[in-house]
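Since this is a predicted model, take the numbers as computed values, not measurements. Chain identifiers are assigned alphabetically (A, B, ...) following the order of the sequence lines, protein sequences preceding nucleic acid strands; residue numbering begins at 1 within each chain.
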Amino acid sequence: MQAEFRAPRRRNRVQEDFEASLPVSHSSRKRAQLRAELINQHVLVCRPEDIQKIYSQGYFGKGILSKARPDHSISDQWEYHEGLLFPVISSSSYRELLQWARAFLSAQGWDNEAISQMMTNLSRPVQIEDVKKEVDGECPVVEGGVGPFTKRPRSEVNPKAKRSCSDPDSEHVVSGAGFVLVVFEEEVRELRRIPVPVTEYLQLSLEEAFFLVYGLGCLSVCLNQEPLSILQLWKTFRAQRPDFVCSYAAYHYFRCKGWVPKGGGGAKYGVDFMLYRKGPPFYHASYSVVVQPVNSEYKGTGTRPFTWRSLAALNRITTNVSKELLFCYVVFPANLSDAELESPQCLSRLKVQEVIVSRWISSRERAEQDDI
Amino acid sequence: MGFSAEGKRYLLPEEALYLMECGSLQVFYEDLALSIQDAYEIFLSSETVSLHQYQVFGHLKRLGYVVHRFDPSSLPSRYAQQLNLPQSGKNAGNQLKRKHDVSLTSTSAPSLSKTLVPTTDTMSADEHMKDESVDESVAMTSSESTADESSTTDSAVMVEPRKWWTSDIIEDKGSNHRNCSRSGWDFSSILFPDLGSKENLSGSLASPDPSLLPGALAVGVCDVASWRSKINQRKVKGSPEHRRRGVDNQRQGWHGKKDEEVQSCKNWTEFNDLMARHQHRRQDEQAEHLWNREVTPLHDPSQPLPTRELLDICSVIKPTCLLEGASRLKPAHEWRISFVVYQPDTASEFKKSKPRKPYTHVCVCGFDGPVPELQTVKLLTSQSGDVPVVFAVVDHGDVSFYTMKDFELPTDVFL
């Protein structure tokens with residue numbers, strides 16, 4: 001007996017436009033390559049236009065400074081000042097940014113005198129004419145200090161000081177292309193440069209990155225400025241995570257069905273990922289997916305043993321958030337050799353079995369005479 | 001309950017124990033009545049039913065279900081299923097369906113009649129609302145004669161609370177105009193200051209027109225500088241319709257840049273030539289690292305495809321169903337179907353000779369035991385035919401039921 005399919009629940013307020021389900025164009029015939037870097041075993045997309053495309057068309061990845069969509073900006077409060085729009089921060093935040101700039105410069109090896117000179121330069125009050133000159137020179141769009149989703153000036157490539165993964169090409173001067181209004185006292189706002197521009201990158205999980213590279217052919221991942229081939233990428237990811245084949249197989253399967261699997265379900269719901277129809281902004285997640293590898297005898301490998309207690313708890317959590325618990329068994333055939341596993345072409349030999357686990361309440365359904 | 005054999009009626013051990021616990025049966029062995037404790041010890045053993053199975057049996061029977069032991073040979077064989085022999089329980093099923101039909105038709109009639117009344121009311125209300133964009137305070141004036149089709153048409157009397165607004169709105173336009181002139185405000189001409197606008201308003205508001213103020217109230221100049229400093233003027237994305245109505249050049253991004261060239265094309269041929277020239281002129285990073293090695297991506301972005309075909313190409317992993325490969329699995333002893341459960345139906349008699357279609361099959365397991373693997377689930381599903389299997393988990397007398405059902409996610413394609 002098959003479990004019946006329940007229609008996904010739409011969100012109450014949908015504020016986004018649906019652009020496309022995958023970041024490949026349907027009309028043009030060019031291989032525009034999106035680019036990502038493999039830094040410290042994380043895949044990061046650094047170019048703002050790539051971030052925009054990858055996130056908006058398919059909801060891949062997560063902004064490292066935001067909850068989901070990379071829309072971090074230095075402040076939530078914005079104001080108009082002499083015709084330009086600026087973010088507003090408090091004086092304590094501004095002082096903190098200055099401290100970061102100082103720490104970054106000293107980490108770079110500048111001596112104290114140079115640092116203090118640079119700091120005085122940075123914290124000078126800025127006139128509106130300087131802002132207009134600089135902003136107009138870069139792009140005709142008139143906005144004062146903003147990001148890829150909040151329209152940052154295009155020349156913004158300065159990395160940030162506080163993040164642990166350092167950018168390889170950090171030979172630069174903290175010049176800060178953005179400006180900000182700092183509130184020093186009540187109602188007094190002064191225009192200053194942002195000392196340490198805070199750029200946001202898009203972080204892709206291993207499965208998402210591999211799908212974009214192998215499935216769609218639209219992304220290339222570079223390690224130390226060198227692009228990796230598909231086999232190299234597969235090997236790297238498998239070395240990083242032993243069960244990568246299984247989790248990638250499940251991810252690939254659900255993506256090819258047109259659903260959007262988003263990771264991060266582990267910390268929130270105790271499962272491997274959540275399945276969204278069309279994307280997180282439009283519908284609530286419909287399924288919580290647990291991925292388990294099984295061999296050809298359909299027995300599990302014991303990597304994640306369930307007891308009735310844990311299964312009951314997981315089922316209860318899933319029901320409380322109005323989702324369905326989906327077990328995704330990835331069946332590995334018996335004659336799959338290790339050599340075949342070295343290449344992603346082994347995926348065609350795997351099969352996926354989906355099972356819905358739900359609780360039947362004996363007393364309630366008595367009155368309705370429905371099927372289980 | 002029970003069965004007949006050789007002219008005598010027999011009871012199964014679990015049924016006997018259940019009836020003893022209900023207090024409706026006494027069992028004698030060698031002229032001695034058995035106590036409940038004796039009965040538990042004697043009736044429940046490894047050859048009959050275990051304690052867990054008995055607890056499940058009791059639980060379901062107390063809820064009213066009809067529970068029988070599972071007999072694997074009672075299932076129609078694969079051949080019989082393929083022949084689609086009519087089941088003996090079809091008549092009862094039809095009866096059930098007929099009951100639902102009756103209930104449907106009986107509820108639809110009053111609901112239809114109910115809907116007649118409010119729609120016409122709201123329609124007329126909308127008309128009136130549209131004409132007057134004035135939100136007047138609706139006074140409890142006595143309504144004029146209303147050609148109202150609702151039951152409470154006695155307009156002279158105080159109408160029912162939930163309908164007082166409809167009878168009021170159905171007044172003709174004349175009274176509405178009277179209301180309007182009585183209040184004297186034309187809101188289309190009164191402007192409210194826009195404190196959040198971009199233009200630099202002065203930091204203070206002039207006092208309003210004295211004719212708008214009640215009585216002898218005098219209002220001075222209002223200082224709004226502190227209010228304006230709290231307003232967040234960050235641009236928020238509007239709703240999709242709002243943005244679509246505005247100028248949205250994002251889709252035609254690069255066409256906008258080469259507008260002059262595009263506009264100089266006089267027909268489609270020229271436009272296509274222009275596109276081809278742009279493509280050749282552009283230096284794309286040819287990703288040799290992806291395309292010139294032994295393993296290439298599944299899809300080439302330079303060959304554009306509609307989404308559905310793209311997904312088809314990428315689907316290298318095939319789904320499987322629970323019944324596949326189940327035939328070569330060996331049945332295990334600890335996982336087997338114990339009971340067949342039928343739904344209680346008070347309308348028709350349950351005949352043991354001609355039972356209806358089973359509601360579910362039950363497999364009993366203990367809470368401290370392992371969770372069934374895919375192998376077990378496949379096995380039990382294949383043994384059970386098209387009847388769902390429910391796992392009854394017994395935890396010291398508490399029974400919970402879990403189902404594991406086959407599923408295939410439907411493909412979902414936009415654009």
Test log, rule side-chain contact (heavy atoms from CB on, under 4.5 Å), inputs A:Gln353 and B:Asp406: CA-CA 8 Å; A:Gln353 167 73 54; B:Asp406 201 357; 2.8 Å; yes
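Nearest heavy atoms, B:Glu324 versus A:Tyr298: O-OH, 3.7 Å.
For the atom pair B:Ile313 CD1 and A:Leu216 CG, the distance stands at 11.0 Å (nearest 0.5 Å). Atom NZ of B:Lys330 and atom CD of A:Glu297 lie 6.5 Å apart (nearest 0.5 Å).
Ranked by heavy-atom pairs under 4.5 Å with chain B, the list A:Pro305, A:Ser343, A:Ala312 is led by A:Ala312. For the options A:Lys351, A:Arg255, A:Lys299, A:Arg277, heavy-atom pairs under 4.5 Å to chain B are most numerous at A:Arg277. Between chain B and the options A:Tyr287, A:Trp234, A:Phe211, heavy-atom pairs under 4.5 Å are most frequent for A:Tyr287. Taking chain B as the reference chain and counting heavy-atom pairs below 4.5 Å, the highest number among A:Ser358, A:Ser229, A:Ala249 is found for A:Ser358. Interface summary for chain A: among B:Pro410, B:Ser315, B:Pro370, B:Ser400, the most heavy-atom pairs under 4.5 angstrom belong to B:Pro410. Contact count against chain A (heavy-atom pairs under 4.5 Å) is highest for B:Leu322 among B:Leu322, B:Thr381, B:Leu60, B:Leu329. When A:Ser310, A:Gly258, A:Cys256 are compared by the number of non-hydrogen pairs under 4.5 Å with chain B, A:Cys256 comes out ahead. For the options A:Arg349, A:Arg13, A:Gln232, A:Arg309, heavy-atom pairs under 4.5 Å to chain B are most numerous at A:Arg309.
For B:Gln55, the side-chain contact (heavy atoms from CB on, under 4.5 Å) partners at least two apart in sequence or on another chain are B:Leu51, B:His52, B:Val394.
For A:Leu347, the parts lying near chain B are the backbone and the side chain together; criterion is any non-hydrogen pair under 4.5 Å. Only the side chain of A:Tyr329 has a heavy atom closer than 4.5 Å to any heavy atom of chain B. Residue contact with chain B, scored on non-hydrogen atoms closer than 4.5 Å, is absent for A:Leu233. Contacts of A:Pro344 with chain B are made by side-chain atoms alone, with heavy-atom separations under 4.5 Å and no backbone atom involved. A:Gln292 does not touch chain B: none of its heavy atoms, backbone or side chain, sits under 4.5 Å away. The part of A:Leu275 that comes within reach of chain B is its side chain, from C-beta onward, which places non-hydrogen atoms under 4.5 angstrom from that chain. Using a 4.5 Å cut-off between heavy atoms, A:Ser296 touches chain B through its backbone atoms (N, CA, C, O) alone. If you measure heavy-atom distances from B:Thr296 to chain A, the contacts under 4.5 Å come from the backbone alone. If you measure heavy-atom distances from A:Val213 to chain B, the contacts under 4.5 Å come from both the backbone and the side chain. Proximity to chain B (any heavy atom under 4.5 Å) is restricted, for A:Thr307, to the backbone atoms N, CA, C and O. For A:Leu219, the part sitting under 4.5 Å from any heavy atom of chain B is the backbone (N, CA, C, O) and nothing else. Heavy atoms of A:Phe327 lying under 4.5 Å from chain B are absent altogether.
Using a distance-only test at 3.5 Å, with no hydrogens or angles considered, no donor-acceptor pair links the side chain of B:His299 to the main chain of A:Cys218. Side-chain atoms of A:Gln345 never come within 3.5 Å of backbone atoms of B:Val295 as a donor-acceptor pair (strictly under, hydrogens ignored). In this structure, A:Trp360 contributes its side chain and B:Phe391 its backbone to no donor-acceptor pair below 3.5 Å. Formation of a donor-acceptor pair under 3.5 Å by the B:Glu373 side chain with backbone atoms of A:Gly300 is found in this model. Checking side-chain atoms of A:Lys257 against main-chain N and O of B:Leu409 turns up a donor-acceptor pair under 3.5 Å.
Put simply, the side chain of B:Glu408 reaches to within 4.5 Å of the side chain of A:Glu354, judged on heavy atoms. Using a 4.5 Å heavy-atom threshold, the side chains of A:Ser362 and B:His59 count as touching. Put simply, the side chain of B:Val413 does not reach to within 4.5 Å of the side chain of A:Ser21, judged on heavy atoms. Using a 4.5 Å heavy-atom cutoff, the side chains of A:Val330 and B:Ile317 are not in contact. The side-chain heavy atoms of A:Trp308 and B:Pro372, taken from C-beta on, include a pair separated by under 4.5 Å. B:Leu305 is not listed as a side-chain neighbour of A:Val24, based on a closest heavy-atom distance of 4.5 Å or more.
For A:Arg304, the CZ atom is densely surrounded, since the number of other residues' heavy atoms within 6.0 Å is greater than 12.
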